[in-house]
Amino acid sequence: MKTYLVTGGAGFIGSNFVKYMLNKYNETIRLIVLDKLTYAGNLINLESELDKVVFIKGDICDQETIKAVFEKEEIDYVVNFAAESHVDRSIENPQLFMQTNILGTQNLLEISKKNWQIDDDVYKESVRFVQVSTDEVYGSLENEGYFTENTPIRPRSPYSASKASADMIVQAYIETYKYPANITRCSNNYGPFHFPEKLIPLIIKNVLEGRSLPVYGDGTNVRDWLYVKDHCKAIDLVLHKGKQGMVYNVGGHNEKQNIEIVRIIIDIVKNFMVEKPSYQTILKTELSKINYELIRFVKDRKGHDKRYAIDPTRIKCELGWYPETKFEEGIVKTVEWYLENQNWVDSVASGEYKEYYEKMYKGR
Ligand code: NAD
Ligand code: DAU
C-alpha cells in the first residue's frame, strides 16, 4: 500500500485532492494530511474524510515535525500544496509568503531527500515529490500568446515570486541531486471548498448577501479557469506517470475577463432563485436587488497581472490529460454547492478572516 504525504491538504485544492484520491483508489492508499490550519485551512473541508486519513497539524517549515513524519511513516509520495496562496495578502505581508512558500518547500525537499536517498543520486524505487505550482510564475501576458513550460519565469507579485523561488529550488534539487520530483503549474482553479476571499466564492457570497461586488480596475483582466477536480486528476497523473524532473502546465483553455465571471455568477444565482424558490430563504437581500448594479469597480490590485493563459500541450500529449468539466457546467455546479453549503461559508468566513475581510472591503 502506497503512502502519500499531502501537505496543505485542509485547504481548497488539497482537500479536493484528498477526496479525489480516496474516491479513485478507495482503500488501497494511505493518506497523511499535514496542515498548519492557517485561516485558509479548515478541518471542516475534510469532515467526511477525517476517519480515512491520518491528520497531522503541523508546519512545513518545522524541521522536527517533518523529520518525525518521515521517521514514523514510509512515505512514497509527497504532494506539496501547503502555501500562502492569496495574492492580495502577499502584497500586505510578503514575509510570511517567503517563509512558507520558499523555506517550507526547501525543508520538505531536504528531509524527504535524506529519507529517500539510498546512494549518491540513487533513490528508493518509485518515490516522487510533486510541487504544486502556479501559472503566475510566468508573469503576465498581453492579449496574445500562451505560457508554455519554456516561457521564462517572470513573477510580478510577492506571492508569485515566492512560488517561482520554490520552483527554482525544486529544479536545483532535480539537477544537483537527481532528486525525483515534478512541478505542475496550473491556472486558476474554481469549485467546492474555495475560500471566500478569492474572486468566485467572494462574488457568490456577496451576491447572496446583497453586498457590492468589488471588481478591481476596469474588470478586463483575464484568468484561465479550471474546475478543481481536473487539476486533481492532473496531479495524480503527474505523480504516477510524469517524466522524472519534468514541469507540466495545467489549464483548460478557458479564458474569461473578471467582469464576465461576475456577470455570469449574478445570472446563475438569479436563475437558481427563480427555478428553485426554496433557495430564496438563503438571501439576505431582495431577489429584485440581485442585478448588475451590485458591481463596483474599485481600486486596482497593485501590479495586477493582465492576463494568464496556459498551453497544456505537454500534459495532454505525454500523459493523456484533458479537462473533463466544461466551464458552463462547472460554474453552475459550483454556485449550487455554495447554495447547498451555507453553513460551510459561515464557518470559514469567521475569525481572522472576518477581520481581514472588514479591513479590506470597508468603504468599498
Ligand atoms: P489554500 O490557501 O486554500 O490552502 C493552502 C493550505 O496550506 C491551507 O490548508 C493552509 O492551512 C496550509 N498551509 C499554509 N501554510 C502552511 C504551512 N506553513 N505548513 C503547513 N500547511 C500550511 O490554497 P489553494 O488554493 O488550495 O492552493 C494550494 C496550492 O496550489 C498552493 O501551493 C497554490 O500556490 C497552488 N495553486 C493554487 C491555484 C488556485 O487557483 N487556487 C492554482 C495553481 C496553483
Ligand atoms: O493563477 C493561479 C492563481 O490563481 C493561484 O496561484 C493563486 O493561489 C490563486 O489565488 C489565484 O490567484 P488570482 O490572483 O488570479 O485569484 P483571485 O481570486 O484573487 O483573483 C482573480 C482575479 O479577480 C484577479 O484578476 C483579481 C480579481 N479580483 C479578485 C478579488 C478577490 C477582483 O476583481 N475582485 C476581488 O475582490
Side-chain angles (χ1 to χ4, degrees), residues 6-17 33-43 45-46 56-62 65-66 79-91 96-97 99-101 103-105 107-108 131-138 140 147 155 157 159-160 162-163 166-167 184-191 193-203 206 212-226 228 231 235 250-251 256-259 261-262 295-301 304-310 348 357 360-361 364:
V6 182
T7 63
F12 163 47
I13 307 175
S15 63
N16 275 284
F17 181 74
V33 177
L34 182 132
D35 198 296
K36 187 177 167 186
L37 299 182
T38 66
Y39 78 94
N42 278 285
L43 283 182
N45 298 353
L46 295 173
I56 300 167
K57 183 173 177 191
D59 186 335
I60 56 166
C61 301
D62 181 9
T65 304
I66 304 301
V79 191
N80 183 27
F81 292 100
E84 288 295 334
S85 70
H86 195 45
V87 175
D88 292 329
R89 287 180 185 250
S90 82
I91 295 167
L96 179 59
F97 284 69
Q99 270 160 9
T100 289
N101 299 1
L103 298 178
T105 301
N107 193 39
L108 286 172
Q131 172 67 4
V132 182
S133 187
T134 167
D135 59 0
E136 298 202 12
V137 300
Y138 296 120
S140 181
F147 297 133
S157 74
Y159 162 73
S160 54
S162 70
K163 293 294 290 185
D167 283 13
T184 57
R185 294 188 180 136
C186 189
S187 61
N188 284 63
N189 287 213
Y190 69 99
F193 301 99
H194 205 179
F195 193 78
E197 66 183 346
K198 305 288 188 338
L199 180 70
I200 287 183
L202 175 77
I203 297 300
N206 281 14
S212 62
L213 309 177
V215 174
Y216 297 167
D218 63 3
T220 59
N221 298 64
V222 171
R223 296 294 181 264
D224 183 359
W225 295 95
L226 182 74
V228 63
H231 185 191
I235 294 168
V250 187
K256 294 266 182 287
Q257 290 190 343
N258 294 335
I259 188 69
I261 292 284
V262 173
I295 296 170
R296 295 279 178 282
F297 292 97
V298 300
K299 193 167 168 277
D300 209 352
R301 174 183 280 174
H304 197 173
D305 288 341
K306 182 69 189 165
R307 172 173 166 257
Y308 304 141
I310 279 280
V348 301
Y357 181 92
M360 285 289 290
Y361 296 107
R364 277 188 181 163

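Only this structure's heavy atoms are used, side chains among them; waters, hydrogens and symmetry mates stay out. Counting starts at 1 for both ligands and their atoms, in listed order.
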Using a heavy-atom cut-off of under 4.0 Å, does the side chain or the backbone of Asn42 touch ligand 1, or both, or neither? neither

In terms of its nearest heavy atom to atom 17 (P) of ligand 2, the top option of Arg301, Arg307, Glu197 is Arg301

With only distance considered, is Val215 within less than 3.5 Å of ligand 2 through an N or O on each side? no

Do we get Arg223 above Tyr190's six-membered ring, with its NZ or CZ under 6.0 Å from the centre and within 45° of the axis? no

How far is atom 1 (P) of ligand 1 from the closest protein heavy atom, and which atom is that? Ser85 OG, 3.6 Å

Atom 3 (O) of ligand 1: closest protein heavy atom, distance to 0.1 Å, is Phe12 N, 3.0 Å

Between ligand 2 and Ser187, is the shortest N or O to N or O distance under 3.5 Å? no

Less than 3.5 Å between some nitrogen or oxygen of Leu199 and one of ligand 2, yes or no? yes

Where is the nearest protein heavy atom to atom 41 (N) of ligand 1: which residue, which atom, and how far? Ile13 CD1, 3.6 Å

Best match, Phe195, Trp225, Tyr159: closest heavy atom to atom 34 (O) of ligand 1: Tyr159

Go through the steps for Tyr159 and Phe97 under the test side-chain contact (heavy atoms from CB on, under 4.5 Å), then give the verdict. CA-CA 6 Å; Tyr159 162 73; Phe97 284 69; 4.0 Å; yes

Counting only heavy atoms, which portion of Arg185 has something under 4.0 Å from ligand 1: side chain, backbone, both, or neither? neither

Ligand 2 contact on Glu136 by region, counting heavy-atom pairs under 4.0 Å: side chain

Classify the contact between Lys163 and ligand 2 as side chain, backbone, both or neither, using a heavy-atom distance cut-off of under 4.0 Å. neither

Could you tell me whether Phe17 approaches ligand 1 through its side chain, its backbone, both or neither, with non-hydrogen atoms closer than 4.0 Å? neither

Element-labelled atoms of ligand 2 that are located less than 4.0 Å from some non-hydrogen atom of Tyr159: 5 (C), 6 (O), 7 (C), 8 (O)

Options Ile13, Asn258, Ile261, Leu213, ranked by nearest heavy atom to atom 27 (C) of ligand 2, top entry: Asn258

Measure the CD-OG distance between Glu136 and Ser85 for me, rounded to the nearest 0.5 Å. 9.5 Å

Residue part near ligand 1, for Thr100, under 4.0 Å between non-hydrogen atoms: side chain

If you count the atoms of ligand 2 from 1 in the order shown, which ones are under 4.0 Å from a heavy atom of His304? 24 (C), 25 (O), 26 (C)

Nearest neighbour of atom 14 (C) of ligand 1 from the list Gly104, Ala83, Ala166, on a heavy-atom basis: Ala83

For atom 44 (C) of ligand 1, what is the nearest protein heavy atom, given as residue, atom name and distance? Ser133 O, 3.0 Å

Counting both backbone and side chain atoms, is some N or O of His194 under 3.5 Å from an N or O of ligand 1? no

When only distance counts, is Trp225 in polar contact with ligand 2, meaning an N/O pair under 3.5 Å? no

Ile310 versus Val250: any side-chain heavy-atom pair under 4.5 Å? no

Checking heavy-atom distances from atom 32 (C) of ligand 2 to each of Tyr308, Tyr216, Tyr138, the winner is Tyr216

Has ligand 2 got any nitrogen or oxygen that is less than 3.5 angstrom from a nitrogen or oxygen of Asn188? yes

Is there a polar contact between ligand 2 and Asp135, counting only N or O atoms under 3.5 Å apart? yes

Can Asn80 and Thr7 be counted as having a side-chain donor-acceptor contact under 3.5 angstrom? yes

Taking only non-hydrogen atoms of Val132 and a 4.0 Å limit, the atoms of ligand 1 in range are 30 (O), 32 (O), 35 (C)

Ligand 2-proximal atoms of Asp305, by part, heavy-atom distance under 4.0 Å: neither

Looking at ligand 1, is there an atom of it that comes within less than 4.0 Å of some heavy atom belonging to Gly58? yes

Measure the acute angle between the ring planes of Phe17 and Phe81, then classify it against the limits of 30° and 60° as parallel, tilted or perpendicular. tilted

